[in-house]
Engineer: 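Questions regarding the structure given below will be posed in turn.
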Amino acid sequence: MSDPHNDSHDHGRHDAGHKHGLHEHRHDGESFVRTVAAACEARGLRLTPLRLRVLEMIAAADKPVKAYDLLDRLKDERAGAAPPTVYRALDFLLENSFIHKLESINAYVSCHHPEEAHQVPFLICDVCASATEICDDGVAALLTRQAREHGFKPRAQTLEVHGTCAGCTKA
C-alpha cells in the first residue's frame, strides 16, 4: 500500500517482504489529519474537537510529544484542560491506531498508516529524540512466530531500538 500522506521523507526502501518501507516519522500534518478524519467518518467514530486538537498537535510535532506537553499547550487554548481529558483523547487515538505510544520515552507520534491497524518497530535517537518508524511486516511476523513457537500468545508488540540517528552520528 502506498503512503497516503505523500511522505517526502520516505527513503524508498520497499524491499521484498516490506509492506511500507523505512521512513522517518514526519509527514504532512494537515494531510494526516484529513486521513484520520476520513477514517473516523468511514468507521463511524466521533472525532471530537478535543481529540482533533490533540491529533493536530501530535501531527505538527517534529518529534515524539509527551502528554503533559500536550496538556500545557491545551491549557493556553482551553480553560479547564486537565490530564484526564488529554489521556482520554490519547486513548481514543491509540485504540483506533491513529497514533503510536513510544513506551520507553512515554511519548506519542502520529501513525504513517492510520487507515490500518499494525505493529511497527521504532528507531529512537537518544540525542535528538527523533523516531523512525520501520514499516516492515516481516519484523512483526517474526516476533509473533517466535512467540508462538515458545507457546506464548502475543497480544501486542512494542519494539523500540535506542541509539543515535544518522544525522546526529554525522554531527
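Only this structure's heavy atoms are used, side chains among them; waters, hydrogens and symmetry mates stay out. Throughout, numbering of the chain's residues begins at 1 and tracks the sequence.
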Engineer: Side chains of Leu47 and Phe92: closer than 4.5 Å at any heavy-atom pair?
Structural biologist: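 Side chain of Leu47 against side chain of Phe92, heavy atoms only: contact under 4.5 Å found.
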Engineer: Quick check: closest heavy atoms across Ala59 and Phe32, and the distance to 0.1 Å?
Structural biologist: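 Minimum heavy-atom contact is CB-CD2, 3.6 Å.
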Engineer: Kindly indicate, with the supporting measurements, whether the criterion ring pair (Phe, Tyr, Trp, His ring centres under 6.0 Å) is fulfilled by His100 and Phe122.
Structural biologist: CA-CA 10 Å; His100 296 288; Phe122 283 90; 5.3 Å; yes
Engineer: Mind listing the closest non-hydrogen atom pair of Asn106 and Lys66 along with its distance?
Structural biologist: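 Looking at all heavy atoms of both residues, the closest pair is O-CG, 3.6 Å.
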Engineer: Does Glu133 form a side chain to side chain contact (heavy atoms under 4.5 Å, CB included) with Leu123? I'd like the steps, not just the answer.
Structural biologist: CA-CA 7 Å; Glu133 178 179 327; Leu123 304 177; over 6 Å; no
Engineer: Does the side chain of Pro83 come within less than 4.5 Å of Leu71's, by heavy atoms?
Structural biologist: yes
Engineer: Can you confirm whether more than 12 heavy atoms, excluding those of Glu41, are under 6.0 Å from its CD atom?
Structural biologist: no
Engineer: Is any side-chain heavy atom of Asp126 closer than 4.5 Å to a side-chain heavy atom of Thr164?
Structural biologist: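 The answer is no, as the side chains (C-beta and beyond) never meet within the 4.5 Å cut-off.
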Engineer: Determine whether a donor-acceptor pair (N or O, by modelled atom type, separation under 3.5 Å) exists between the side chain of Glu160 and the backbone of Glu103.
Structural biologist: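 Pair found, side chain donor or acceptor close to backbone of Glu103.
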Engineer: Determine the minimum heavy-atom distance between Leu102 and Ala131, stating which atoms define it.
Structural biologist: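 Nearest heavy atoms, Leu102 then Ala131: CD1-CB, 3.8 Å.
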Engineer: Salt bridge between Arg145 and Glu149, side-chain N to carboxylate O under 4.0 Å?
Structural biologist: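 Here Arg145 pairs with Glu149 in a salt bridge, since their nearest N and O are under 4.0 Å apart.
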Engineer: State, yes or no, whether a side-chain contact exists between Ser97 and Cys111 at a heavy-atom distance under 4.5 Å.
Structural biologist: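 No, their side chains stay 4.5 Å or more apart.
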Engineer: When you measure from the side chain of Arg51 to the backbone N and O of Arg46, does any donor-acceptor pair fall under 3.5 Å?
Structural biologist: yes
Engineer: Measure the acute angle between the ring planes of Tyr68 and Tyr87, then classify it against the limits of 30° and 60° as parallel, tilted or perpendicular.
Structural biologist: perpendicular
Engineer: Out of Ile58, Ile99, Val109, which residue meets the side-chain contact (heavy atoms from CB on, under 4.5 Å) rule with Val65?
Structural biologist: Ile58
Engineer: If you define the side chain from C-beta out and look only at heavy atoms, does anything of Ile105 sit under 4.5 Å from Pro64?
Structural biologist: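 SC-SC contact between Ile105 and Pro64 confirmed.
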Engineer: For the residue pair Arg148 and Pro154, what are the closest heavy atoms and their distance?
Structural biologist: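 Nearest heavy atoms, Arg148 then Pro154: CG-CD, 4.2 Å.
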Engineer: What verdict does the side chain to side chain contact (heavy atoms under 4.5 Å, CB included) test give for Tyr108 and Val54, after you've listed the backbone C-alpha separation in whole Å, the side-chain angles of each residue and the deciding distance to 0.1 Å?
Structural biologist: CA-CA 11 Å; Tyr108 301 87; Val54 169; over 6 Å; no
Engineer: Flag the pair Thr85 / Leu50 as yes when at least one side-chain heavy-atom distance between them is below 4.5 Å, and no otherwise.
Structural biologist: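 The answer is yes, as the side chains (C-beta and beyond) meet within the 4.5 Å cut-off.
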Engineer: If every non-hydrogen atom of Ala81 is compared with every non-hydrogen atom of Lys75, which pair is closest and at what distance?
Structural biologist: O-CE, 3.8 Å
Engineer: Begin from the C-alpha positions of Leu90 and Leu70 and carry the test side chain to side chain contact (heavy atoms under 4.5 Å, CB included) through to its verdict.
Structural biologist: CA-CA 10 Å; Leu90 290 169; Leu70 293 169; 3.9 Å; yes
Engineer: Looking at side-chain heavy atoms only, is the closest gap between Ser104 and Ile124 below 4.5 Å?
Structural biologist: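 When only atoms from C-beta onward are counted, Ile124 and Ser104 do touch, with a gap below 4.5 Å.
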Engineer: When you compare the side chain of Gln146 with that of Leu142, does any pair of heavy atoms fall below 4.5 Å?
Structural biologist: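 In short, these two side chains touch, coming nearer than 4.5 Å.
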Engineer: Does Arg78 form a side chain to side chain contact (heavy atoms under 4.5 Å, CB included) with Arg53? I'd like the steps, not just the answer.
Structural biologist: CA-CA 11 Å; Arg78 299 171 182 256; Arg53 186 63 189 123; 3.9 Å; yes
Engineer: How many angstroms lie between atom CG of Leu93 and atom NZ of Lys101, to the nearest 0.5 angstrom?
Structural biologist: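 So the CG of Leu93 and the NZ of Lys101 are separated by 13.0 Å.
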Engineer: Looking at Val33, Thr35, Leu45, which hits side-chain contact (heavy atoms from CB on, under 4.5 Å) with Phe98?
Structural biologist: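 Testing each of Val33, Thr35, Leu45 against Phe98, the sole residue satisfying side-chain contact (heavy atoms from CB on, under 4.5 Å) is Leu45.
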